[in-house]
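Every chain is numbered from 1 and lettered A, B, ... according to where its sequence line falls, protein lines coming before strand lines. What's counted below: heavy atoms across the whole structure, side chains too, no hydrogens, waters or symmetry copies.
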Number of protein chains: 2
Amino acid sequence: MARIVELGNAQLAECGAGELSVREIARGLGMVSSAVYRYVCSRDELLTLLIVDAYADLADAVDDALAEVDAGSEVDAGSGTGAGADPRARFRALATAMVRWAVVHPERWTLLYGTPVSGYDAPAESTNADGTRVMARMLAIAADAGGAPAAGERHEMHVDPEVQTLLEAHLVEFGVQADAEVGVRAVTAWSGLVGIISAHVFRQLGADAAAVGEQLLASQVELLADLVTGR
Amino acid sequence: MARIVELGNAQLAECGAGELSVREIARGLGMVSSAVYRYVCSRDELLTLLIVDAYADLADAVDDALAEVDAGSEVDAGSGTGAGADPRARFRALATAMVRWAVVHPERWTLLYGTPVSGYDAPAESTNADGTRVMARMLAIAADAGGAPAAGERHEMHVDPEVQTLLEAHLVEFGVQADAEVGVRAVTAWSGLVGIISAHVFRQLGADAAAVGEQLLASQVELLADLVTGR
DNA sequence: CACACTCCGAGAGCACTGCTCTTGACTCGC
DNA sequence: GCGAGTCAAGAGCAGTGCTCTCGGAGTGTG
């Protein structure tokens, strides 16, 4: 079972989700294809397994990065208050951890944030738990930063009332205290972050942009940090 | 030939790119599968055809929307200067046109900005021309807006020198006059726009978020407009 | 008119896929 | 010892992309 996921990830890394084949996995296991169906009842279920595995792996990487930056700020400041690093540094850590993970595991990133594979829709009930972990952490960062974003001078925002109630419901679901405006800024920054990483992984900005991708991403992350922290 | 693309789009609309089958298209044409290979030499080439078709269609839709908003501002202002609408309105028009197109043609959007299909990488030489049309228009909008973004009070930006030269080269390639900072803001807004639309089309924010997706997208577009116009 | 040449589609076939069903071997508890 | 349960093998079905050959149309040329 664990070996199936392991082989699946290996095959994912060198082919891509569309080429993932249970027969090939069976060959890797030294069995015939039908035997694999003892353990996983369809190719879609195998994909689901790999998806939750990838979600968990990504979330672990992000958690590690956040723990590290928090620990670092503790040492630097010597305060020992447990408040951790400032929101901008935390967002930067989260974002760069995601970028790094995506660059190391492009096919798994594709599996999570690319096209839902060929008519297969991920069963929300089994992927949501791990799939929302890192987004929840980002919401917390945004809530932490977004108290009162220098109200007077900023462009006023109109949040649709329906969106507002929905966002506020989700904010309490994730256990963060913030108003809807922080929520829409966080969601936008989240989608933007996924977007710039996908653009990089999928090389949608051209081959030469990919060459300097790391530096370009750094600048873009700063802009998104502006968005999250209320500029 | 044109019928092949037509049937391909139809099949795309109801199945998705992964399920696109030249045999099925042959059935729609009333021929046997091998006959299709007279006109298109592989499934990948068929995909490429559909991709450039989709790029052109999207770009046309955006062009129409921009022409309309410019014409509207002419009538309203009665100035007849030919300057068109202000950058924020133009960006809004571009973004909502993209959103609308993506919602109407989710599978084609997926083809363009989702996962590159299963080991197939789009041949840049044939897709670039149409693929960059709408991004070029957005760069022009950003350049138009981004003269001097109230320098004193804003967070200073560090653009990597390598990124700077590359961006500036691309800016002149697209015929817009702007510095690298405008470029990185535009690229970020572009990737962000693609990201929020993909999040919506792929329903990555959950089923209930999809229900109020249109209003949520409107708020997000405003935030990205801030980014493009230098807040 | 007859020949040749090109274009188009049919059909068979290869290697591959996901998936199902049946059959047989092995192990464990009673 | 002997059922019961677990596991894998093997055959097979329907589907895929793609290649090859062959046989009819149409068309131009001597």
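For A:Asp53, the side chain to side chain donor-acceptor pair (under 3.5 Å) partners at least two apart in sequence or on another chain are A:Asn9, A:Arg108. The side chain to side chain donor-acceptor pair (under 3.5 Å) search around A:Glu162 returns none, not counting sequence neighbours. Partners of A:Asp63 according to the side chain to side chain donor-acceptor pair (under 3.5 Å) rule, which considers only residues two or more places apart in sequence or in another chain, are A:Arg133, A:Arg137.
Rounded to whole angstrom, the span from the CG atom of B:Leu47 across to the C1' atom of D:dC18 amounts to 15 Å. Atom C1' of nucleotide D:dT16 and atom CD of B:Gln11 are separated by 12 Å, given to the nearest angstrom. Between the P atom of D:dG17 and the CG atom of B:Leu46 lies a distance of 9 Å, rounded to the nearest Å. Note: CD (B:Glu19) to C1' (D:dG17) measures 14 Å, nearest angstrom.
Rounding to the nearest 0.5 Å places CG of B:Leu216 at 8.0 Å from NE2 of B:His200.
Residues B:Ile197 and B:Ala102 come closest through the heavy atom pair CG2-CB, 3.4 Å. B:Gly183 and B:Leu167 get closest at one heavy-atom pair: C-CD1, 4.1 Å. Here the shortest heavy-atom pairing between B:Ala54 and B:Trp101 reads O-CZ2, 3.6 Å.
Between chain A and DNA chain C, the heavy-atom contact criterion of under 4.0 Å yields a 5' to 3' nucleotide range of C:dT17 to C:dC21.
B:Ile25 comes within 4.0 angstrom of no nucleic acid atom, judged by non-hydrogen atoms across all strands. Counting any heavy atom pair closer than 4.0 Å across all strands shown, A:Leu29 reaches no nucleic acid atom.
Within residues 32-39 of chain B, the residues approached by DNA chain D to less than 4.0 Å at the level of any non-hydrogen atom are B:Ser33, B:Ser34, B:Tyr37, in residue-number order.
For D:dG10, the OP1/OP2 oxygens have no side-chain nitrogen or oxygen of A:Arg23 closer than 4.0 Å.
The residue among A:Met31 and B:Arg27 whose nearest nucleotide of DNA chain D is located toward the 5' end is A:Met31.
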Donor-acceptor list for residues 27-34 of chain B side chains, cut-off 3.5 Å, not counting sequence neighbours:
unit_1, atom_1, unit_2, atom_2, d
B:Arg27, NE, B:Glu24, OE1, 3.2
B:Arg27, NH2, B:Glu24, OE1, 3.0

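Residue B:Glu68 places its CD atom among 12 or fewer non-hydrogen atoms of other residues, nucleotides or ligands, all under 6.0 Å distant.
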